Number of protein chains: 2
Amino acid sequence: MSARVVPEGSRRRRRPTKQGAVLSERLIVDTALRLVARHGAEALSVRRLGAALGADPSALYRYFRNTDALLLAIADELVGRAQEGWEASGDWRTDLRVMGLRIHRSYLAQPQAALLAAHRTTGRPHETRAVEKILGILRDGGFPDPLAVRVYHAFVDQALAFAAQDAAAAALPRAAGEADREVWGKVYGRLPAETHPHIAATFPLLAADMRDSGYPFALELMLTALETLHPDATAGPERAHGKKS
Amino acid sequence: MSARVVPEGSRRRRRPTKQGAVLSERLIVDTALRLVARHGAEALSVRRLGAALGADPSALYRYFRNTDALLLAIADELVGRAQEGWEASGDWRTDLRVMGLRIHRSYLAQPQAALLAAHRTTGRPHETRAVEKILGILRDGGFPDPLAVRVYHAFVDQALAFAAQDAAAAALPRAAGEADREVWGKVYGRLPAETHPHIAATFPLLAADMRDSGYPFALELMLTALETLHPDATAGPERAHGKKS
DNA sequence: GACCTTACGTCAACACCATTGACGTGTAAA
DNA sequence: TTTACACGTCAATGGTGTTGACGTAAGGTC
């Protein structure tokens, strides 16, 4: 047994592999992300990652305790990427909308890792920074603390839940994903009006709508509702007052 | 190769296994659910399920083309359980609310299985019936078809996404789950106001709110927004100042 | 420049996984 | 009673994550 993993900070010996690669936590995470992006979620296995790195698969265990630890490292990277370059506009509607879509998009870019990350609380720097930002949008936007907190919770959970949901669809093995999509034509398209009148009546609309994620519309609905809950609900929309943060 | 699976309707020979079990689609799904409930999602493998049934693992392939088909059958069972005994009240707000909470609850009752199932489109009987019901609530409630379809999509995805999200938290290995919950006290509770002013200012509220699911509030927000979008919105609740989309 | 310690890449093995083709038994229909 | 074939079983294939043992070469020390 023994502790095979040496913490990244105290690494000193950097021995190249037989094929000449010099491994590092960073290189492994990046290679994994490239592998998934290029060949799909099911291509991410220890053996394949080893091959892509030009190293023996078991070498990875010198850097990560197990594949779970590797996926978490990848996930943390995603949280960071979602915030990269974001700046507050000062209008809470805009800021929430952009932040929600950013989270959703960034997770979708790496479905496999997203699935693992979306329901964990890591407490790592990227995550706390994101929490701080969203709370800031709401409090600076004029929501009183108790409401801001409830809204924060619903907003974040919804973004993460949809991200995971859509990521799961994207991470499905090719065959299973196609099967799911075919169900719409093969099953729902052929339900008779006698037994399923509502489906039969709206089928073309349904089939078209279900192709995309439901998140953008769900997000708009949430923003609409927040408009009515906001303390100055009577005031107009566009009013970028002084900002903060 | 060849078609090993005989459709459930036309089964005739029921030969007991060596250990005396008489297999059926129903028995297999029920056993799988029991297995998952008892030993966690990772205990669900063809081999273990075979053992639990008292049959050779490969016997399952006489009933399901592959493990994916089995998963879909499990998923549909959960959908069915969510609808059991439901009756329309005639008020679309009430009906949507009840339906959403039912789905959420039914999935949470089997967190491990829910995780495997919440992301799939099965096209099976229970699922189509649920789709028909929800579409019916919206169309009978007065939403015009194009809007009804969009709302249906957002509503269902929201319910399933939150269900999966909360199921995931409930299904986490005990150690990992506790670790995640501790993060709130150990990390978020100790962030200094200088670097994370918003978190520091609202921490007690945050820690309390994050203990429960965000779904009920998110669902209310969606219903509030739908009130605004509904054709006879003018009568609506107080401060819905003619927002349109 | 020689020596020592040990990090870390490699190898081989283990236990598990899903899936499939061939086989033969016993059931149910004729 | 006979016959056909449904379906449970067996064995094999090629995948997976993970680990213990091993040796080599890198880095620090003198």
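In what follows, every chain begins at residue 1, and chains take the letters A, B, ... in the order their sequences are listed. Computed from a predicted structure; not experimentally measured.
A distance-only check finds a donor-acceptor pair linking the side chain of Thr17(A) to the backbone of Ala21(A) [under 3.5 Å].
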Interface polar pairs with nucleotides 3-6 of chain C, N/O, under 3.5 angstrom:
{"from": "dT6(C)", "atom 1": "O2", "to": "Arg13(A)", "atom 2": "NH1", "distance (Å)": "2.7"}

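DNA chain C contains the following stems of three or more consecutive Watson-Crick or G-U pairs, with both distances under 3.5 Å: C:1-30 with D:1-30.
In this model, no donor atom of one side chain and acceptor atom of the other lie less than 3.5 Å apart for Gln83(A) and His126(A). Side-chain contact, Tyr188(B) with Glu132(A): no donor N or O sits under 3.5 Å from an acceptor N or O.
Of the candidate nucleotides dT20(C), dC17(C), dT10(C), dT20(C) has the atom nearest to the side chain of Tyr61(B). Taking only side-chain atoms of Lys18(A), from C-beta outward, the nucleotide of dT19(C), dT10(C), dT18(D) with the closest atom is dT10(C).
Contact annotation: the side chain of Ile137(B) never approaches that of Tyr152(B) to less than 4.5 Å [non-hydrogen atoms, C-beta and beyond]. In this structure, Ile199(B) and Leu135(A) have side chains that are in contact, with non-hydrogen atoms separated by less than 4.5 Å. Met210(A) is not listed as a side-chain neighbour of Arg181(A), based on a closest heavy-atom distance of 4.5 Å or more. Inter-residue side-chain proximity for Leu219(B) and Phe155(B) is flagged as met; some heavy-atom pair is nearer than 4.5 Å. A heavy-atom distance below 4.5 Å is found between the side chains of Ser24(B) and Leu27(B). Looking at Leu44(A) and Leu71(A), their side chains come closer than 4.5 Å, going by heavy atoms from C-beta outward. Arg211(B) has its side chain out of reach of Trp184(B): every pair of non-hydrogen atoms, C-beta onward, lies at least 4.5 Å apart.
The base of dC11(C) sits with one of its N or O atoms less than 3.5 Å from a complementary donor or acceptor on the side chain of Ser58(A). For dG15(D), its base never sits under 3.5 Å from the side chain of Arg47(A) at any donor and acceptor pair. Arg62(A) contributes a side-chain N or O that forms a donor-acceptor pair with the base of dG9(C) under 3.5 Å.
To the nearest angstrom, P of dT9(D) lies 11 Å from CG of Leu53(B). A straight line from CG of Asp68(B) to C1' of dA18(C) spans 12 Å, rounded to a whole angstrom. The nearest whole Å value for the distance from the CZ atom in Arg48(B) to the C1' atom in dC16(C) is 9 Å. Between Arg15(B) atom CZ and dC7(D) atom P there is a gap of 9 Å when expressed in whole angstrom units. For the pair Tyr63(A) OH and dT19(D) C1', the computed distance is 18 Å after rounding to whole Å. Taking atom CG on Asp56(B) and atom C1' on dT19(C), their separation rounds to 12 Å, with Å as the unit. Taking atom CG of Leu27(A) as the reference point, atom C1' of dC8(C) lies 15 Å away to the nearest angstrom. Here the C1' atom of nucleotide dC7(D) and the CG atom of Leu23(B) are 9 Å apart, to the nearest Å.
The phosphate of dG8(D) has neither OP1 nor OP2 within less than 4.0 Å of any side-chain N or O from Thr17(B).
Counting non-hydrogen atoms under 4.0 angstrom, Phe64(A) reaches nothing in the nucleic acid.
Between Ala59(A) and Thr67(B), the residue whose closest nucleotide on DNA chain C is further toward the 5' end is Ala59(A).
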